[in-house]
Amino acid sequence: MTIDKNFDPAAIETKWYKHWESENSFRPERPDAPAYTIVNPPPNVTGSLHIGHALDNTLQDIMIRYERLRGKDALWVVGTDHAGIATQMVVERKMEAAGDRRSNYRREDFIKKVWQWKEESGGTITRQLRRLGCSMDWSREQFTMDPHFTQAVTKVFVDLYNKDLIYRDKRLVNWDPKLKTAISDLEVETREINGNFWRFKYPLAADENGNAVTFNGPDGAGQDYIEVATTRPETMLADMAVAVHPDDERYADVVGKYVQLPITGRHIPIVADDHADPELGSGAVKITPGHDFNDFDVGKRAGFAPAEMLNMFDGDANVCQVSDGLIPDEYIGLHRFKRETENGAKIQARELVVKALKELGLLIPHISKNKKGEEVISDAEPRIIQTPYGDRGGVVIEPWLTDQWYVDAQTLAKPAIEAVKNGDIEIVPKTWEKTYFNWMDNIQPWCVSRQLWWGHRVPVWYGPKLEHEFEHEHDCEQVHLVAKDEDEVRNLAAVRYSTTPENILIFNNEEERTTAELQSQNMLKTILVRDNDVLDTWFSSALWPFATLGWPEKNAPLVSKHYPNDLLISGFDILFFWDARMAMQGIEFMGEGGKKPIEQSRPWKTLYLHGLVRAADGQKMSKSKGNVVDPLGLIDEYGADALRFFMAAMESQGRDIKMDDERVKGYRNFATKLWNAARFAQSNGISASQSLSAPTASLAANRWIIGEVQETLITLDKALADLRFDAAANTIYHFTWDRFCDWYLELIKPIIQGDAEASSAQMRSDAEETRQVAGWVLDQILVMLHPFMPFITEELWHAMASSESGKSARNYDIILAKWPAPKAQIDGDAKAEIDWIIAFTSAMRSAKNELGIAPGAKLECIFPNALQGRVNALQSTLERVARIASSSFGDAPDGASMQLVVDGQTIIIPLEGVIDIEAEKARLGKAYEAVNKEAGALKGRLSNENFVARAKPEAVEKAKSDLAEKSSEAERLKTALERLG
RNA sequence: GGGCGUAUAGCUCAGUGGUAGAGCACUACAUUGACAUUGUAGGGGUCGGGAGUUCAACUCUCUCUACGCCCA
């Protein structure tokens, strides 16, 4: 079957992908081969393939295909992430569109709906990964909510709890009032927004005798108030102190006195604390421990326990009554500062507080000057404010005091830091190590509980405290029991409450309990109710490198063979979210708490971080900017192979990639070039090679190209070992196009296209040898290119071996071929000869071009006698490639001629009456100038005593030989010029 | 405020202690011959500014400028 004239990527891609998958080619059985393992960063099950996935997965597929070709037992683990918040949001949005809402359902029913949605719509991204050609092990596709994954997550939670590495704590969390859940520090992004800076007078409270209190005041004039400044006036309803810097003399005599807060009338102390910045505002700052992270710490230092701290917001960030009951009724229920859903139609707490203080005469107005120099009075000074936003919900985060589960990240981070320091985990590019250390060294407790429904439920049950455990009269705090399942918690509880397991009654949630409590027969039993929260999605994905392999099942075979993984490829944007946490959890759990050495516990040997794919103008792609490039569109237009090659070629370490369609197009052209080369080969009787090692060859061109394959292979292997995808792609690109297509195929045309009937036995055998070599080289190209361009290489692999009927004679697919092993030496003589042909041909073409001689013109050449043997042997090649008409040898005849200096020898092309002598003089003159200048520079360097004395001997030698060469060339050009008169 | 990165041809980017490369774009030429998704030849850069180390700096060090990112 002949190769089609047109290369149509779409026509072959689907065909081969289906074939590979049905043949189980992505994971051939190789029980005795060494393992090579990559786990794929699980995309969100809600997701669809974006350009970043295309990059990330292309790089992984290149490595997996490469190692598979090299005979490894290559495993690329694939699966999707349940993506708690993201997925729940998607399903809720869908419900809202249908006029429905989550709160219409019981938790279990809602979760059923999410599963249903997952079954229907969750396959999008996995289908798209297939289109990109990714050779993942779909037979073991994973999902982070699979039962075995839940087992792993639960075990990790319970074990960490038992090791005191997970604990429950009451502290401020980042609360997302839209999603109504706590989120971790990493999920908060700081944005700069335009805000205001208000200044208020807080009146000093009267002393115990009811006498007014004053202090000197900053200006020493005496005042009965202290000035505070704030960007969040509404939180003054929960102020618990005013802080001044301990060294701030302006306020020294007021520390220890009290303020009587306006509106609430609460008496709060003035405290000294380093947090107060004397330079900012008045130097005195209001302290709201319940709604500001800094204030929380100040509050603790001032002696407030977290449980005492005032919390003035509900989960929606609407004002609620605080524990001392001092907030006036008209504030209750108001939103903190903005009604997202009602466009500010209703008055907000912030607005009302400012209004009230203004009416009380306690607002210090801001005075500024307008352009005309007139004074303008306003309530507040405009300021740029660093404001925390939830990365998913997109609303301002409210620091909120709640009980949550925390992972002791600091302890877990230690060995993970060591692993990188000691080189047990290599981060590529190395510059990211500093970022990693910086974050890990300062890591904060990780809040892992989320107030969502979709996710891994926290394996915790709450039971009553026993009477003797009550810390105070109204203590109704419950105790928690942590266990892997209900049976285990029942037994734990039986022990704890000194009863039998049958007397422990377990409820899945408060609602069930309330219903059940109405039934009086349960009154005598001990009741446990399960924690409602689920875990942060990243808590489960941190287990990906081993939970996907079967852990915690005992002696899971995949774990022992494929853990540690060899390589992890991820975007740097999830270094903290995912990579660092995998390192921590991997080392902790696979190291069995320090029992196993780091070589066995680290999740991967190498962590490769790539950059972002940006829009053509360098901007970050985002839906809101509308500059998102769809990788599937690019695949439709140029083919998956071209897109993949683009990704590889652009991936140099440590730089973002700017999208460039033209370049993708260029690689489509490259694929077409290869296609046509194969077509040419096929039409000239060249077909698939029968041997893995290079055929024996006698002709220079053949010996040369075999050596070039060898060199290319060495360069390519080195590039891939170094994870230099750009270098690897460029190596195979240039070999294919510049060496193989541009020179080798041109050089062999006269050999293989000779008239078979008329040719001698020698010519027939030369042609046969050449066909063998050409077929072999093309095979090597296909295999070396396969990791980058899997589809076209598979197609041509078979096409080159197919009979008339279209049946491929290959007994295996290229995806399972063997990586090249030419076992050939680089042939110096052949290389010298072909390099000479190339140099001569290029010189000839260049000269013709400059002298305006038609490129096709066949010219007579007079070579020096020394070249007689070589030129005679290459006569037919030179006729065709360099377009020489006839050759003779010896000295230059009289008359005008074009002269080429190639490799230190002058070749004369007599052109009496044809060439423009002045033009030829100019051409040679220019060449002479250039060479002479280089020779001059070398001469100058060598005449420098310091250079000769101090430079490395090789450098001096190189300079000497370069000088000799350049001088000789200059000499010859000079002679040539003189000959023209 | 702390940290990191980037600055090389018109554009997008490689690069090495011994005086610069690729792709695209551009110019000229070619075209019945695997390939116009082509071929051949060519023009184009004082490697962001300044200082230092060195026989030698685009490359190493310092500094300045501009841009970008992360953390607080």
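Here is the naming used below: chain letters follow the sequence lines, and residue numbers restart at 1 for every chain.
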**Message:** Between A/P855 and A/V948, which residue's closest nucleotide on RNA chain B lies nearer the 5′ terminus?
**Reply:** A/P855

**5' precedence on RNA chain B between A/C741 and A/L186 (nearest-nucleotide basis)** = A/C741

Integer-rounded Å distance: [N] [atom2] and [X] [atom1]:
X      : N     : atom1 : atom2 : answer
A/W737 : B/G39 : CH2   : C1'   : 10 Å
A/R679 : B/U38 : CZ    : P     : 14 Å
A/E192 : B/C71 : CD    : C1'   : 14 Å
A/F947 : B/U54 : CZ    : C1'   : 13 Å
A/K848 : B/C29 : NZ    : C1'   : 12 Å
A/E746 : B/U38 : CD    : P     : 15 Å

**Request:** Taking all non-hydrogen atoms of both residues into account, name the closest pair between A/E13 and A/D641 and its distance.
**Result:** OE2-N, 4.0 Å

Salt bridge or not between [X] and [Y]? Use side-chain N to carboxylate O under 4.0 Å.
X      : Y      : result
A/K966 : A/E934 : yes
A/D962 : A/K958 : yes
A/K658 : A/D656 : no

**Request:** Please evaluate the base of B/C4 for a donor-acceptor partner in the side chain of A/K434 within a cut-off of under 3.5 Å?
**Result:**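 Per atom types, no contact qualifies.
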
**Complete:** Applied to residues 676-687 of chain A, the side-chain hydrogen bond (donor to acceptor under 3.5 Å, both in side chains) test, sequence neighbours excluded, yields A/N676-A/R679, A/N684-A/Q753

**Prompt:** What dot-bracket string describes RNA chain B from 5' to 3', counting Watson-Crick and G-U wobble pairs whose defining distances are under 3.5 Å, with [ ] for crossing pairs and | for pairs to another strand?
**Reply:** (((((((..((((....[..)))).(((((.......))))).....(((((..]....)))))))))))).

**Item:** Contacts of type side-chain contact (heavy atoms from CB on, under 4.5 Å), residue A/H50, not counting sequence neighbours
**Value:**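 Checked A/H50 against side-chain contact (heavy atoms from CB on, under 4.5 Å); matches are A/H53.
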
**Prompt:** Closest to the A/R655 side chain: B/U40, B/C55, B/A14?
**Reply:** B/A14

**Request:** Between B/A41, B/G68, B/C70, spot the one nearest the side chain of A/N849, thanks.
**Result:** B/A41

